[in-house]
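Note that this is a predicted model, so its numbers are computed, not measured. First the proteins, then the strands, lettered A, B, ... as listed; each starts at 1.
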2 protein chains.
Amino acid sequence: MALTDDQTVEIAEIFRLMGDPTRLKILIYCLDGPVAVGDLAQATGASQSLVSHHLRLLRAARILRAERRGKKVYYAAADDHIRTVVGDMIDHVAEPAEDGED
Amino acid sequence: MALTDDQTVEIAEIFRLMGDPTRLKILIYCLDGPVAVGDLAQATGASQSLVSHHLRLLRAARILRAERRGKKVYYAAADDHIRTVVGDMIDHVAEPAEDGED
DNA sequence: TTAATATATGAAAACGTGTTCATGTATTGA
DNA sequence: TCAATACATGAACACGTTTTCATATATTAA
């Protein structure tokens, strides 16, 4: 599986966006279904403004997608790859360390 | 699957480390087996010093593990979760975009 | 021990990112 | 239209990170 330089940079960009605790919390809350911005702010403990800023980045990278219903805007994971990647990482952290580490 | 705050921060840290193009290139080259530092520098086009700095971070986070053989030090992915996460992400980028995006 | 090769590390420069605050836009209901 | 709710955005501050350069450590061979 050979990647172009652009593809590598694209993947790095997605990982980078997942690499901030506030953004990752937002993302995890969105994994199981659409969540409104206000609810994300409350769940994460971050300000509404900060959540919106992060949501814009996650949306631009196609990690989340937005859908307006009336006054509220609901965000959800863009696709199953995102869910799988985060799920794998959760497994990685949950699992006891493997043999031979330092 | 509920995560503690510490676990969320730990996962974010791993994603963050994968989120730099130079580091991600290093990581991808290490996915299929141990690679020496000098070879990583040549493959990525980064300086030996920069590669070493990045390797230290990847090692500290248990994303890569090091093994010395004579003068050379070989780095490889620490476990299968790492391989799986990167593999999923490669699929994500390779796949055509899903329906309904903007 | 000395030289050569391979890797690691400390400090500083250059650059980028997360967060807050104030304000703007969109939607609904009266 | 006016007020209220929900979300988005621009600017600026504060902070952290990537990278380079010089130098140090480890291993092997002579």
Side-chain angles (χ1 to χ4, degrees), chain A residues 5 8-30 33-76 78 102, chain B residues 5 8-30 33-76 101-102:
Chain A
D5 215 72
T8 309
V9 169
E10 188 183 348
I11 294 176
E13 171 73 3
I14 297 175
F15 279 139
R16 188 180 66 78
L17 289 168
M18 291 175 163
D20 173 77
T22 306
R23 269 194 308 260
L24 182 61
K25 280 179 201 166
I26 291 172
L27 173 55
I28 289 174
Y29 280 117
C30 291
V35 190
V37 177
D39 293 342
L40 287 170
Q42 224 188 330
T44 59
S47 72
Q48 178 266 313
S49 170
L50 179 55
V51 171
S52 264
H53 278 297
H54 284 314
L55 285 172
R56 183 151 62 114
L57 298 175
L58 293 168
R59 202 173 359 112
R62 297 166 190 271
I63 295 172
L64 294 183
R65 47 167 66 168
E67 181 192 350
R68 180 178 277 276
R69 298 183 204 161
K71 278 188 236 175
K72 299 189 177 179
V73 177
Y74 290 81
Y75 283 82
D102 53 7
Chain B
D5 216 73
T8 309
V9 170
E10 189 183 348
I11 294 175
E13 172 72 4
I14 298 174
F15 279 138
R16 188 180 67 79
L17 289 169
M18 292 175 162
D20 173 78
T22 305
R23 270 195 306 263
L24 182 61
K25 279 179 201 168
I26 291 172
L27 174 54
I28 289 174
Y29 280 116
C30 290
V35 189
V37 178
D39 293 341
L40 287 170
Q42 224 188 333
T44 59
S47 71
Q48 177 268 312
S49 170
L50 179 54
V51 171
S52 265
H53 279 296
H54 283 313
L55 285 172
R56 182 152 62 112
L57 298 175
L58 293 168
R59 205 176 352 115
R62 297 167 190 272
I63 294 171
L64 294 183
R65 46 168 63 168
E67 180 193 352
R68 181 178 277 276
R69 298 184 204 160
K71 279 188 235 174
K72 298 190 179 179
V73 179
Y74 290 81
Y75 284 82
E101 78 206 31
D102 51 6

*Mind calculating the distance between CZ (B/Arg69) and C1' (C/dT5) to the nearest angstrom?*
18 Å
*d(CZ, B/Arg23; P, D/dG16) in whole Å*: 16 Å
*Is any side-chain N or O of B/Arg16 closer than 4.0 Å to OP1 or OP2 of D/dT17?*
yes
*Can you check side chain to side chain contact (heavy atoms under 4.5 Å, CB included) on B/Ser49 and B/His53, steps first, answer last?*
CA-CA 6 Å; B/Ser49 170; B/His53 279 296; 3.7 Å; yes
*When you check the phosphate oxygens OP1 and OP2 of D/dA26, does a side-chain N or O of B/Arg68 lie under 4.0 Å from one of them?*
no
*Min side-chain heavy-atom separation B/Glu10-B/Glu13 under 4.5 Å*: no
_Closest-nucleotide ordering on DNA chain C, the 5'-leading residue of B/Gly38 and A/Glu13_ = B/Gly38
_Could you tell me if the side chain of B/Met18 sits less than 4.5 Å from the side chain of A/Ile11, heavy atoms only?_
no
*Out of C/dG18, D/dG10, C/dT9, whichever nucleotide has its closest atom nearest the side chain of B/Arg56*: C/dT9
_Below the 4.0 Å mark, does C/dT9 have OP1 or OP2 next to a side-chain nitrogen or oxygen of B/Ser52?_
no
*asked:* Check for me whether B/Arg69 meets the cation-pi criterion with B/Tyr74, that is, NZ or CZ under 6.0 Å from the six-membered ring centre and within 45 degrees of the ring axis.
replied: yes
*Quick one: does B/His54's side chain get under 4.5 Å of B/Leu50's, heavy atoms only?*
yes
*asked:* Can you tell me whether the side chain of B/His53 and the base of D/dT17 have a donor-acceptor pair closer than 3.5 Å?
replied: no
*Within the pair B/His54 and D/dT19, is there a side-chain N or O less than 4.0 Å away from OP1 or OP2?*
yes
_Options C/dT7, D/dT9, D/dT20, nucleotide nearest the side-chain atoms of B/Val37_ = C/dT7
*B/Leu50 CG to C/dT7 C1': how many Å, rounded?*
14 Å
*Answer with base, sugar-phosphate or nothing: what part of the nucleic acid does B/Ala46 contact at a heavy-atom distance below 4.0 Å?*
nothing
*Please check the phosphate of C/dA6 (OP1 and OP2 only) for any side-chain N or O of B/Tyr74 closer than 4.0 Å.*
no
_Atom pair distance, as rounded to whole Å: CG in B/Leu57 and P in D/dG16_ = 15 Å
*Evaluate the side-chain proximity of A/Leu40 to A/Leu55: yes if any heavy-atom separation is below 4.5 Å, no if none is.*
yes
*Can you check the B/Asp39 CG to C/dT5 P distance for me, whole Å?*
16 Å
*What's the CG-C1' distance between A/Leu24 and C/dT17, to the nearest Å?*
17 Å
*asked:* Could you tell me how far apart A/Arg59 (CZ) and D/dC7 (P) are, to the nearest whole angstrom?
replied: 12 Å
*Under 4.0 Å: is that the gap between some side-chain N or O of A/Tyr75 and OP1 or OP2 of D/dA6?*
no
*Just compare C/dT5, D/dA8, C/dT19 and give me whichever is closest to any side-chain atom of A/Asp20.*
C/dT19
*Does any N or O donor sit under 3.5 Å from an N or O acceptor when you compare the side chain of A/Ser49 with the base of D/dT9?*
yes
*If you find the nucleotide of DNA chain D closest to A/Lys72 and the one closest to B/Gln48, which residue's nucleotide is nearer the 5' end?*
A/Lys72
*Between C/dA6 atom C1' and B/Gln42 atom CD, what is the distance in whole Å?*
14 Å
